Asker: 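Okay, handing you the structure first.
These numbers were taken from a predicted model, which means no experiment stands behind them. Throughout, a chain's letter reflects where its sequence line sits, starting with A, and its residues are numbered from 1.
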Amino acid sequence: MSEDATLSDLDPEAVRSALVEWYEADHREFPWRRTTDPYEILVSEVMSQQTQLDRVVDAWAAFLDRWPTVDALAAADRSDVVAFWSDQRLGYNNRARYLHEAAGQVVDDFDGEWPRTPADLQELMGVGPYTANAVASFAFDAGDAVVDTNVKRVLYRAFGLDDDDTAFEAVASELMPAGESRVWNNAIMELGGVACQQRPRCDEAGCPWREWCHAYETGDFTAPDVPTQPEFEGSRRQFRGRVVRILGEYDELTLDELGPRIRVDYAPDGEYGREWLRGLLSDLADDGLIDVEDRDGTAVTRLRE
DNA sequence: GTCCGGTTCA
DNA sequence: TGAACCGGAC
């Protein structure tokens with residue numbers, strides 16, 4: 001699907017401002033979101049690629065405590081940097097080496113003057129397209145749209161794109177408000193991080209794109225990085241448990257509201273759709289756990305009193 | 001035991 | 001294009 005066909009019937013300004021306002025109203029606080037120092041940003045990005053964000057917080061602070069500036073890192077012994085990385089259990093020890101080497105490049109090749117554009121930043125060792133855009137955005141507010149797996153998942157679901165990197169790139173940059181890469185890339189990655197996760201939390205997180213979202217409309221929350229056949233083992237029992245747990249959190253739900261919360265590949269008319277869900281629910285009803293009621297042709301279910 | 005991730009290198 | 005890197009979550 002091309003971006004024109006996908007986005008033509010949307011008001012891009014409304015889509016943009018909805019996301020930015022959602023982000024600005026409330027988001028997770030990470031210490032690296034309070035700095036625009038490119039060195040500090042680069043360290044946080046390299047760490048974040050491989051490690052859960054809450055673990056990065058401590059490692060990032062410790063790293064900057066030990067090597068507070070790019071000059072300090074460039075002057076350090078490589079072995080000390082690698083040893084630190086290993087001690088912090090950051091994985092991929094090569095990245096410590098890359099980071100050290102990148103610091104040397106900034107000092108020597110760029111005379112201590114940080115490259116500011118994604119293209120120039122990519123000359124640094126260990127800095128690929130993702131990291132270059134992240135640093136350009138968060139340090140200099142001069143990046144292009146970031147496309148990582150979170151962003152792909154968001155775009156794939158919201159706009160029904162194909163799983164195709166060219167399409168993701170095109171839509172991502174068309175969507176990004178010009179010159180606002182800092183807030184935009186923070187916002188769209190926050191959306192992927194707290195709302196549009198592998199298991200979607202559209203309502204819980206108050207996703208600002210629900211009114212436009214293709215997946216929210218169809219109930220099909222598949223995504224490139226989401227396994228299409230979750231948990232083959234114990235499937236039925238596992239899904240019965242999920243139904244009861246989810247219904248405990250809600251008063252009542254229609255099939256299409258419940259389905260996506262049970263399994264991310266729920267699609268109303270798909271293999272795991274209304275038919276499949278009805279079968280599951282009738283077993284649970286037979287066991288006296290839930291009630292299923294037809295209301296104006298729509299099945300509604302709730303826990304039995 | 002399997003999967004995840006951005007980059008380098010062959 | 002795909003293997004390799006590494007530790008944690010599940």
Asker: Any side-chain N or O of A/T131 less than 4.0 Å from the OP1 or OP2 oxygen of B/dG6?
Answerer: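 No, A/T131 has no side-chain N/O under 4.0 Å of OP1/OP2 on B/dG6.
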Asker: Under 6.0 Å from the ring centre and within 45 degrees of the ring axis: does the NZ or CZ of A/R97 meet both conditions for the six-membered ring of A/W85?
Answerer: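 Not satisfied by the 6.0 Å and 45° rule.
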Asker: Output the single nucleotide from B/dG6, C/dC5, B/dT8 whose closest atom is nearest the side chain of A/D148.
Answerer: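 Nearest to the side chain of A/D148 among the choices is B/dG6.
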Asker: A/D162 and A/Y156: side chain to side chain donor-acceptor pair (under 3.5 Å), yes or no, with the steps?
Answerer: CA-CA 7 Å; A/D162 292 331; A/Y156 181 94; over 6 Å; no
Asker: For the pair made of CE in A/M47 and P in B/dG6, what is the distance, rounded to whole Å?
Answerer: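 Checked: the CE to P distance equals 17 Å.
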Asker: Can you measure from CD1 (A/I290) to CZ (A/R240) and round to the nearest 0.5 angstrom?
Answerer: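 If I round to the nearest 0.5 Å, the distance is 9.0 Å.
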Asker: Could you tell me the separation between the CH2 atom of A/W85 and the C1' atom of C/dC6, rounded to a whole number of Å?
Answerer: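 The distance from CH2 of A/W85 to C1' of C/dC6 comes to 12 Å, rounded to the nearest Å.
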Asker: Whole angstroms only, please: what is the CZ-P distance between A/R95 and B/dC4?
Answerer: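 The distance from CZ of A/R95 to P of B/dC4 comes to 16 Å, rounded to the nearest Å.
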Asker: In whole angstroms, how far is the C1' atom of C/dC6 from the CG atom of A/D87?
Answerer: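 Those two atoms, CG and C1', are 15 Å apart.
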Asker: Could you check A/F159 against A/V154 for side-chain contact (heavy atoms from CB on, under 4.5 Å), going step by step and ending with a plain yes or no?
Answerer: CA-CA 8 Å; A/F159 305 116; A/V154 169; over 6 Å; no
Asker: Here's one to test your reading of the geometry: is the NZ or CZ of A/R263 within 45 degrees of the ring axis of A/Y272 and under 6.0 Å from its centre?
Answerer: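 Yes, A/R263 lies over the aromatic ring of A/Y272.
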Asker: State, to 0.1 Å, how close A/R157 and A/C196 come at their nearest heavy-atom pair, and which atoms those are.
Answerer: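 Nearest pair, atom of A/R157 first, then A/C196: NH1-SG, 3.3 Å.
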Asker: Please determine, for the side chain of A/N94, which listed nucleotide (B/dT8, C/dC5, B/dG6) has the closest atom?
Answerer: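 Closest nucleotide to the A/N94 side chain: C/dC5.
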Asker: Just how far, in rounded Å, is P of B/dT8 from CD of A/E123?
Answerer: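 Rounded to the whole Å, the gap is 12 Å.
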Asker: What nucleotide, of B/dT8, B/dT7, B/dG5, holds the atom closest to the side chain of A/Y130?
Answerer: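 Looking only at side-chain atoms, A/Y130 lies closest to B/dT7.
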Asker: Looking at A/Y92, is A/R95 sitting on its ring face, NZ or CZ under 6.0 Å from the six-membered ring centre and within 45 degrees of the normal?
Answerer: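 Verdict for A/Y92: a cation-pi partner in A/R95.
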Asker: Identify each atom pair where a protein N or O and an N or O of nucleotides 8-10 of chain C are less than 3.5 Å apart, giving names and distance.
Answerer:
none

Asker: Mapping A/M125 and A/Y92 to their closest nucleotides on DNA chain B, which lands nearer the 5' end?
Answerer: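 Closest to the 5' end, via its nearest nucleotide, is A/Y92.
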Asker: To the nearest Å, how far apart are A/R97 CZ and B/dG6 P?
Answerer: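 In whole Å, B/dG6 P and A/R97 CZ are 20 Å from each other.
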